[in-house]
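Here's the structure we're looking at; comments come further down.
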Amino acid sequence: MRFLFIFFYTITFAQQSQKVDFKTVHATLLPNSIEKSISGEVNYEFEVLSSIDTIAIDAIRMDFSNIKINGKSVNFKNTTKALQLFEGFKKEKTR
């Protein structure tokens with residue numbers, strides 16, 4: 001369990017910048033020892049401090065589906081290193 005805490009602590013605070021401030025992360029994880037995988041749901045709360053076209057979240061070798069911001073599906077790209085959200089974000093608090 002300590003490993004998961006460190007993992008989320010790193011993601012939450014490593015993503016703060018001058019344009020986006022990640023406030024909280026809430027996650028539900030389901031490890032599968034047979035398939036050697038982890039699935040689950042992660043909810044971030046962040047504040048856009050100044051306008052930005054793309055927000056990137058560290059996501060090394062992860063797969064994603066059903067990405068939403070404020071309850072609406074958004075355009076995204078999954079690289080091998082990051083989840084990139086493309087929405088042309090304006091200054092506001094977002095979930």
Exercise for the section: Assess whether side chain to side chain contact (heavy atoms under 4.5 Å, CB included) is satisfied between Tyr44 and Ile57, documenting all intermediate values. Expected result: CA-CA 10 Å; Tyr44 289 97; Ile57 299 172; 3.6 Å; yes

Problem - Chi angles and distances behind the side chain to side chain contact (heavy atoms under 4.5 Å, CB included) call for Val42, Val25 - result: CA-CA 7 Å; Val42 179; Val25 60; 3.5 Å; yes

Practice task
Begin with the C-alpha distance, continue with both residues' side-chain angles, and end with the deciding distance and a verdict on side-chain hydrogen bond (donor to acceptor under 3.5 Å, both in side chains) for Asn43 and Glu41.
Solution key: CA-CA 7 Å; Asn43 293 296; Glu41 181 176 307; 3.1 Å; yes

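No side-chain heavy atom of Phe86 sits less than 4.5 Å from a side-chain heavy atom of Val74. For the pair Leu49 and Val20, the minimum side-chain heavy-atom distance is 4.5 Å or more.
Taking both residues in full, the closest heavy atoms of Ser50 and Gln18 are given as OG-O, 4.2 Å, listed atom of the first, atom of the second, then distance. Across every non-hydrogen atom of Ile52 and Val48, the tightest pair is CG2-CG1, 4.2 Å.
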Show every donor-acceptor pair shorter than 3.5 Å between a side-chain atom in residues 75-85 and any protein atom, with sequence neighbours excluded, or say none if there are none.
{"unit_1": "Asn78", "atom_1": "ND2", "unit_2": "Met62", "atom_2": "O", "d": "2.8"}
{"unit_1": "Thr79", "atom_1": "OG1", "unit_2": "Lys81", "atom_2": "N", "d": "3.1"}
{"unit_1": "Thr79", "atom_1": "OG1", "unit_2": "Ala82", "atom_2": "N", "d": "2.8"}
{"unit_1": "Thr79", "atom_1": "OG1", "unit_2": "Ala82", "atom_2": "O", "d": "3.0"}

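How far OG of Ser73 is from CG of Asn66: 6.0 Å, rounded to the nearest 0.5 Å.
Under the 30°/60° scheme for interplanar angles, the aromatic rings of Phe22 and Phe46 are found to be tilted.
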